[in-house]
Engineer: 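Below: one structure in structure tokens.
Chain letters run A, B, ... following the sequence lines, proteins first, then strands; residues in each count from 1. For the numbers below, each heavy atom of this structure counts, side chains included, while hydrogens, waters and symmetry mates do not.
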Amino acid sequence: MSTPPPPMPQTAAPDWQAAPGSPYPTYTSPIPVVRTHLGHALASEWTKIRSVRSTMWTLGVFVLLVVGVGLLTGLVVSSADPDMSGESPLALGFFGLLLGGMCIITLGVLTTASEYGTGMIRTTMVACPSRGRVLLAKALVFFLIAFVVTLVCTTLVGFLHVALLEGHNAKEPTGEEWLKGTLGVSLYVALLGTLSLAIGSIIRHSAGAITIMIGAVLAPLVIALFMFSSSLADVQQALFEYSIPNQMSIFYANSLSESGPSGWDPLWIMLVVTAAALGGAFALLQKRDV
Amino acid sequence: MIELEGLTKRYGEKVAVDGLTFTVRPGIVTGFLGPNGAGKSTTMRMILGLDHPTAGDVRIDGTHYDRLEDPLTCIGALLEAKGVHPGRSAYHHLLCLAQSNGLPRQRVHEVLDTVGLTAVARKKAKGFSLGMGQRLGIAAALLGDPRILMFDEPVNGLDPEGIHWIRTLMKSLAAQGRTVFVSSHLMSEMALTADHLVVIGQGRLLADTSMAEFIERNSRSYVRIRGPQRERLLDVLHQAGITAVESGDGSLEVDGSKAEYIGELAARHRLVLHELSPRQASLEEAFMRLTAQSVEYHAHTGVSAPPQRWGDDWKRG
Ligand SMILES: Nc1ncnc2c1ncn2[C@@H]1O[C@H](COP(=O)(O)OP(=O)(O)OP(=O)(O)O)[C@@H](O)[C@H]1O
Ligand SMILES: [Mg+2]
């Protein structure tokens, strides 16, 4: 570097004072001392998440997938001039959101794990030694972003589908169906992302955590597909019913099976799993060296 | 003030830091010296509450790090590993740190100015040179205008002008009454900056002394003499009450005497001299002797083995 010699810090004149409990005089800064709290950590995490490209990329691709695939499905289905035989058009949004979910998983993992990859985590923990506060702030900021973006996309796609399929004998979605297909599924996807964030904090390795999460989404369905033995029928059924894609489809009331979770159950299941993962991440964060 | 008490860190079988007890005082620069793998960085990470000590205790102004309500106004640190997200700009990196401690946004601009990064504040950190990265780390350390500063090998990657800058910076920070704790492998570097010295090797405390005392105890000035009439030279010196030690290559070494005096003495006795040179044993040598037993990663070049005993290499010019 060939910058000219920078000036020395322009701080106040030496202010020598004995610190309480110290036999030596020490420096006192003119900057007012602020007792830090969760609000500061939230502001910090908000700045962090909006100042890296990966956020724009993952959310951009998410919007593209959910809205793009949603629009495509709507156009294809409506141009085929189908008879919806009283089905809700909202269900068409499922496929795009399932694909988009991968972006939310990626962003969730990156929010925590990328700090380990870059060493930023040490800087973060030095600035905020309360590790639980850091994890909570990350989870809250991420959850809110993921929720809002998903809600906007699913609502948009929902209106799109209803408009496109008007006059195809499609059912007018009820209030409950609207609520589940927008708010419900958005909460679910945001929680899925928060679960990924917790896994990222536990695994501390971006690629590893993303692989685990995508595996967790896809593996149960794939495994169930290959369970031919009739003695495993029950296991196969459970794998189907509790797989994340199936749980997501329940919000659109087109579950792949008749038994198993229904109504708002998937949301409660995901809430419990995410809370448990966050608890585990917190315990490990407290115990491990950064 | 930083107080360590029997601070110990074990990684499995490996003892990285072994019962360190010392105090880092405000108002002076305290150098933290040790060869590679001595445990300097580990000690600093424990001070910052990043690594949990296996045993012992460390306190910042009487408090554990994780109890600090205003960490960045209390202590600022530059750690060895670059703690920066490469995709984030210098400005946003500092801004998120400032926000986490409720520091005014103005401080970000001030420290960017202090370290001379204002022009590249909006550039991503991954494009930064080693020296610019180091400056960004220093900016982060200064952000809260803290009363304690800790630098892990701050001169790494800096050019001579940068090294001079950081030296002056550390001294001025200490002069304002702050505690400045800085690690290095280079004794010569510390001799120019530090007022106090803590030396460790293999995690153990080897010395905790003022710089002046260390220099006085370890800097040895002597005169090196070479000439064809070695026996006569020895006699003449002996008669004059001067003790000369023979060094390996046939030259003589005299402690404490002035070269002028020896030269005049030789002239008076019409002795031919081929060399008459005042010498100073370097502090670097003293440091290497101090840590010789505990150097973990020797380079086996086969040319010159590291000195094994105190004083063994005095005789080597
Ligand atoms: N996380 C870790 N796991 C296992 N061993 C570790 C870990 N961190 C440090 N060590 C070991 O502890 C010892 C001290 O390492 P440390 O980095 O503190 O030394 P140092 O004095 O900073 O060295 P250098 O001058 O090379 O930076 C080394 O032998 C290192 O291998
Ligand atoms: Mg180190």
Side-chain angles (χ1 to χ4, degrees), chain A residues 1-17 19-31 33-37 39-41 43-48 50-54 114-115 118-131 134 287-290, chain B residues 1 25-27 45 48-52 61-62 65-66 68-73 77 79 81-89 92 95-97 99-104 107 110 113-116 129 131-132 135 140 142 144-147 159 161-162 165 168-169 172-173 175-179:
Chain A
M1 269 191 62
S2 59
T3 41
M8 288 300 125
Q10 298 290 314
T11 42
D15 182 3
W16 292 67
Q17 257 175 35
S22 161
Y24 305 102
T26 188
Y27 176 80
T28 312
S29 169
I31 297 176
V33 170
V34 178
R35 284 174 63 102
T36 55
H37 49 71
H40 294 121
S44 173
E45 292 302 331
W46 169 246
T47 299
K48 273 189 206 169
R50 73 183 170 85
S51 60
V52 288
R53 272 264 171 90
S54 53
S114 78
E115 290 214 9
T118 58
M120 178 70 193
I121 191 71
R122 289 199 173 137
T123 312
T124 300
M125 292 302 185
V126 168
C128 179
S130 166
R131 299 181 182 184
V134 171
K287 192 172 139 272
R288 293 200 281 215
D289 292 339
V290 176
Chain B
M1 188 162 66
R25 287 204 292 117
R45 285 200 306 274
L48 295 171
L50 293 173
D51 285 23
H52 301 298
D61 286 341
Y65 193 84
D66 56 5
L68 293 175
E69 295 286 350
D70 54 329
L72 290 189
T73 56
L79 287 179
K82 260 203 211 169
V84 180
H85 192 297
R88 197 171 281 130
S89 70
H92 279 120
L95 179 64
C96 76
L97 293 180
Q99 285 173 327
S100 75
N101 274 246
L103 301 169
R107 277 302 291 168
E110 284 170 18
D113 205 42
T114 302
V115 301
S129 69
M132 286 158 88
R135 280 166 194 262
L142 295 174
D145 195 22
R147 53 186 182 273
D159 54 18
E161 179 257 304
W165 168 70
T168 326
L169 175 72
S172 75
L173 290 169
Q176 289 172 325
R178 304 181 211 239
T179 306

Engineer: Rounded to the nearest 0.5 Å, what's the gap from NE2 on His40(A) to CG on Leu103(B)? Could you check?
Structural biologist: 8.5 Å
Engineer: Looking at OG1 of Thr28(A) and CD of Gln176(B), how far apart are the two atoms once the value is rounded to the nearest 0.5 Å?
Structural biologist: 11.5 Å
Engineer: Closest approach of Asp51(B) and Asp289(A), non-hydrogen atoms and distance?
Structural biologist: CA-OD1, 3.3 Å
Engineer: Using a cut-off of under 4.5 Å on heavy-atom pairs, state which of Ala140(B), Ser100(B), Gly87(B) scores highest against chain A.
Structural biologist: Ser100(B)
Engineer: Can you name the nearest heavy-atom pair linking Gly83(B) to Thr123(A), along with the distance?
Structural biologist: O-OG1, 2.6 Å
Engineer: How many angstroms lie between NE2 in His85(B) and NZ in Lys48(A), if you round to the nearest 0.5 Å?
Structural biologist: 10.0 Å
Engineer: Quick check for you: to the nearest 0.5 Å, what is the distance between Leu68(B) atom CG and Ser130(A) atom OG?
Structural biologist: 12.0 Å
Engineer: Heavy-atom count around Arg53(A) CZ within 6.0 Å, excluding the residue itself: above 12?
Structural biologist: no
Engineer: Which atom names give the shortest non-hydrogen contact between Arg88(B) and Val52(A), and what distance separates them?
Structural biologist: NH2-CG1, 3.6 Å
Engineer: How long is the gap from SG on Cys96(B) to CD on Glu45(A), to the nearest 0.5 Å?
Structural biologist: 7.5 Å
Engineer: Which atom pair, heavy atoms only, marks the closest approach of Ala127(A) to Leu97(B)?
Structural biologist: CB-CD2, 3.8 Å
Engineer: What are the two closest non-hydrogen atoms of Arg131(A) and His52(B), and how far apart are they?
Structural biologist: NH1-NE2, 3.6 Å
Engineer: Heavy-atom pairs under 4.5 Å with chain A: which of Gln99(B), Lys82(B), Arg45(B) has the most?
Structural biologist: Gln99(B)
Engineer: Give me the atom names and distance for the closest heavy-atom approach of Asp145(B) to Tyr27(A).
Structural biologist: OD2-OH, 2.7 Å
Engineer: Side chain, backbone, both or neither: which part of Leu79(B) has an atom under 4.5 Å from a heavy atom of chain A?
Structural biologist: side chain
Engineer: With a 4.5 Å limit on heavy-atom distance, are the side chains of Leu50(B) and Val126(A) in contact?
Structural biologist: yes
Engineer: Is chain A contacted by the side chain of Pro146(B), its backbone, both, or neither, given a heavy-atom distance below 4.5 Å?
Structural biologist: backbone
